[in-house]
Structure formats: structure tokens, C-alpha cells
*Asks:* 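Pasting a structure here, questions to come.
Within every chain, numbering begins at 1; the chains are lettered A, B, ... in the order of the sequence lines, protein sequences first and strands thereafter. Everything numeric in this text was worked out from a predicted model, so none of it was measured.
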2 protein chains.
Amino acid sequence: MNTNVRIPQFVGKECDMSNWDAGNCPVRDVINQISGKWSTLLLQALAGRPYRFGELRRLVPDISQRMLTQTLRELQRDGYIDREVFPTKPPSVEYRMTELGMSLFLPLSQVLDWAEANHAAVKAARVRFDAEA
Amino acid sequence: MNTNVRIPQFVGKECDMSNWDAGNCPVRDVINQISGKWSTLLLQALAGRPYRFGELRRLVPDISQRMLTQTLRELQRDGYIDREVFPTKPPSVEYRMTELGMSLFLPLSQVLDWAEANHAAVKAARVRFDAEA
DNA sequence: ATATGTCGCTCTCAAAAAGAGACTAGGGAT
DNA sequence: ATCCCTAGTCTCTTTTTGAGAGCGACATAT
């Protein structure tokens with residue numbers, strides 16, 4: 001299990017998985033966070049403008065409060081979004097994207113565009129797969 | 001729960017989440033698959049060259065056989081990879097990326113590049129966050 | 001001849017993660 | 001007085017993931 005793993009075609013960006021626990025693989029370390037079920041969706045929303053907690057909740061009706069809080073914390077921890085508390089009554093909290101978050105969203109939005117453009121192809125592939133099985 | 005949800009800045013690509021079960025949101029439908037913990041990693045590997053099951057297993061030592069099988073099936077179902085069985089003894093199975101998969105990997109690799117380039121910034125953000133908490 | 005290893009899985013059981021929803025506090029509106 | 005608003009947390013249940021055994025047919029090692 002203590003093998004040194006390099007993905008051949010990515011020489012120069014190889015991932016040493018032997019000390020994977022130490023978080024040595026940049027790609028996995030970063031991707032594993034933003035690849036959460038809700039992360040992309042929230043980044044997409046916050047790329048447009050700042051939102052408050054309740055607004056995000058209404059925007060994504062099928063997210064639980066628990067996961068919304070948790071995902072926002074993780075995005076904040078990784079430096080993609082900022083959290084600002086306004087001590088109004090009732091208190092309000094605003095989430096806004098950081099520079100780092102915006103710089104990530106640039107390439108990320110390309111993938112989102114791809115997803116939209118090729119959704120039909122993917123659905124077709126699924127139908128094909130399910131048919132022959 | 002039956003609200004019509006549109007992310008304002010993405011007018012024209014709005015997601016109607018009221019029939020989310022029907023899979024009406026292209027972005028979520030596609031992203032939710034490739035955002036699995038292992039999907040990106042396998043796509044990255046297979047973007048380079050075809051691999052056999054056992055090779056992938058050795059390449060990603062901390063994936064369980066169960067998740068490798070499952071993730072490969074999902075990627076195959078969505079049309080990103082092909083699975084070819086060679087009836088040798090013992091049998092061998094080769095996985096290779098499709099045209100669709102390659103077209104996805106184009107924008108996806110931009111995100112992977114970003115991840116590598118900004119890994120330090122993300123780690124720094126984490127340290128900052130954990131310190132002030 | 002017998003044991004062990006290879007291959008690509010599937011199956012079971014335990015652990016981790018996610019979803020649903022009740023509960024909090026402090027004030028404003030009805 | 002009652003209810004609702006805010007942004008959460010806490011608990012309980014369901015789903016997903018992880019660890020690893022088993023399989024069947026053949027090759028190699030002893």
C-alpha cells in the first residue's frame with residue numbers, strides 16, 4: 001500500500017499517494033472540497049452576488065440547513081467565500097465570494113457551461129447504457 | 001418546496017428546482033456525477049491512456065474495489081468512458097475515455113490546473129480560518 | 001500434486017456522511 | 001399573547017462509503 005503513485009501523463013504534477021493522509025496531492029486536496037454535492041451550486045450562486053443565509057436556502061430548496069451551514073463553512077475555510085455578520089435584529093449574515101473564489105470560478109464555470117451544453121448527450125448515453133443492460 | 005428557483009445572474013441557464021427529481025437542472029444532473037470523490041481522479045488517469053481495472057486499483061491505492069467498480073460504471077453510464085472485455089484467462093477489462101469524456105476533460109483539466117496552482121493559497125486560508133476560530 | 005497467485009468483480013457488514021426536522025434567542029408585527 | 005423572522009445547532013434516521021471476504025477458472029511455484 002505504500003506505493004509511490006504517479007499518473008504518467010502528468011509528470012511534473014504527480015501525486016504521491018503514499019502519504020495521501022498528509023494531504024500531499026494538491027488536486028485531490030482542493031477538488032475533494034469543491035466537489036461536494038452542494039459546493040458548486042453555492043459557488044455558482046455567490047459568483048453572481050452576495051447572498052444571505054436564508055436567501056441561499058430559498059434558492060436551493062432541497063438543501064438542508066445543516067448541509068447549507070456546513071458547506072458554507074467549508075467554502076469559507078478554504079478561502080472561497082467571506083462571511084460577514086450584521087448585528088441587526090434579527091441578525092443577518094452575508095456570504096460573498098473572495099478574489100480566490102472568483103479565480104476558481106473562472107475555470108469552474110467552463111465546466112458548468114460544458115455540463116449545460118452536453119446534458120443531452122449524457123442523458124442519451126444513460127438511456128443507451130440502461131437499454132443494453 | 002415547490003418554488004421556482006432561478007439563479008439571477010444565470011438567466012437563460014436557470015434551474016427549475018421544483019421538478020428537481022425529474023432531473024431538469026442540467027448542471028446539477030451532470031455535475032453530481034463527476035463530483036464524486038473518485039470520478040475526477042479516474043477521469044484524469046483515463047485522459048492519459050486506457051487502463052485496466054487492476055492498474056487503476058494500483059494507481060489509486062486508497063480506493064476500494066467496490067467504489068472503483070461503482071465509479072467506473074457511473075462514468076460508463078454517462079458516456080465518459082468505454083469498457084471493453086478481453087476474454088483472456090484470466091479475463092482482462094480495459095477502460096478508455098470516449099470522445100465525450102475527452103471533451104469534458106478539456107474544461108475540467110483547467111480546474112485541475114487551478115487546483116494545483118492555488119493549493120498553497122487554499123492551505124493558507126485554512127490555517128488562517130483555523131487560527132481565528 | 002498441491003498450494004498459491006492473478007483477474008475483475010460481487011457480497012456482507014461496519015462506519016461515516018447526509019437528510020429531516022425540532023429547538024434556540026431576541027425582537028417585531030398582528 | 002401569539003406567531004414569525006433571523007442563523008444557526010442538536011438529534012435521529014436513512015443513505016453512502018469503506019474494509020475485506022469469496023468466487024471461478026486458469027497460470028505458476030514448490
*Asks:* Nearest to the B:Pro91 side chain among D:dT6, C:dC7, D:dA25, which nucleotide is it?
*Replies:* C:dC7
*Asks:* Specify the separation, in whole Å, of atom CG of A:Leu56 and atom C1' of D:dG8.
*Replies:* 14 Å
*Asks:* Within this structure, what is the CG-CE distance for the pair A:Leu75 and A:Met97, rounded to the nearest 0.5 Å?
*Replies:* 8.0 Å
*Asks:* Please check the phosphate of D:dC5 (OP1 and OP2 only) for any side-chain N or O of A:Arg57 closer than 4.0 Å.
*Replies:*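 No, because none of the side-chain N or O atoms of A:Arg57 sits under 4.0 Å from OP1 or OP2 of D:dC5.
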*Asks:* Side chain of A:Lys37: nearest nucleotide among C:dT10, C:dG19, C:dG8?
*Replies:* C:dG19
*Asks:* Drop me the distance from B:Arg57's CZ to B:Tyr51's OH, to the nearest 0.5 angstrom.
*Replies:* 16.0 Å
*Asks:* To the nearest 0.5 angstrom, please state how far the OH atom of A:Tyr95 sits from the CZ atom of A:Arg52.
*Replies:* 11.5 Å
*Asks:* Output the rounded distance in Å from CD1 (A:Ile63) to C1' (C:dA17).
*Replies:*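 Going from CD1 in A:Ile63 over to C1' in C:dA17 covers 14 Å.
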*Asks:* Do the side-chain N or O atoms of B:Arg52 get closer than 4.0 angstrom to the phosphate oxygens (OP1, OP2) of C:dG8?
*Replies:*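 Yes.
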*Asks:* C:dG19 P sits how many Å from A:Arg66 CZ, rounded?
*Replies:*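 The distance from CZ of A:Arg66 to P of C:dG19 comes to 8 Å, rounded to the nearest Å.
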*Asks:* For A:Arg49, is there an ion pair with A:Glu94 - N to carboxylate O distance below 4.0 angstrom?
*Replies:* no
*Asks:* Return the value, rounded to whole Å, for the distance between atom CG of B:Asn32 and atom P of D:dT16.
*Replies:*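 Checked: the CG to P distance equals 12 Å.
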*Asks:* Between P on C:dG19 and CD on A:Gln65, what's the gap in Å once rounded to a whole number?
*Replies:* 13 Å
*Asks:* When you get a sec, tell me which of D:dG8, D:dC5, D:dG18 is the closest nucleotide to the side chain of A:Pro90?
*Replies:* D:dC5
*Asks:* I want to check one thing: is the phosphate of C:dA17, taken as OP1 and OP2, less than 4.0 Å away from some side-chain N or O of A:Trp38?
*Replies:* no
*Asks:* Is there a side-chain contact between A:Val122 and B:Asp29, using heavy atoms and a 4.5 Å cut-off?
*Replies:*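 Not in contact.
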*Asks:* Of the options C:dA22, C:dC7, D:dT6, whose atoms approach the side-chain atoms of A:Ser92 most closely?
*Replies:* D:dT6
*Asks:* May I ask you to verify if any side-chain N or O of A:Tyr95 is less than 4.0 angstrom from the OP1 or OP2 atom of D:dG8?
*Replies:*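 For A:Tyr95, the contact criterion (side-chain N or O under 4.0 Å from OP1 or OP2 of D:dG8) is met.
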*Asks:* Of all the choices, D:dA7, D:dT6, C:dG8, which nucleotide is nearest to the side chain of A:Arg83 once you look at every atom?
*Replies:*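 Closest of the options to the side chain of A:Arg83: D:dA7.
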*Asks:* Atom CD of B:Glu74 to atom P of D:dT17: distance rounded to whole Å?
*Replies:*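 The answer, rounded to whole Å, is 8 Å.
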*Asks:* Provide, to the nearest angstrom, the distance between the CG atom belonging to A:Leu68 and the P atom belonging to C:dG21.
*Replies:* 16 Å
*Asks:* Would you mind telling me which of C:dG19, D:dT6, D:dG8 lies closest to the side-chain atoms of A:Thr69?
*Replies:*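 Within the option list, the nearest is D:dG8.
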*Asks:* Over how many whole Å does the gap from B:Glu84 atom CD to C:dG8 atom P extend?
*Replies:* 13 Å
*Asks:* Does a side-chain N or O from A:Gln70 land closer than 4.0 Å to OP1 or OP2 of C:dA18, or not?
*Replies:* yes
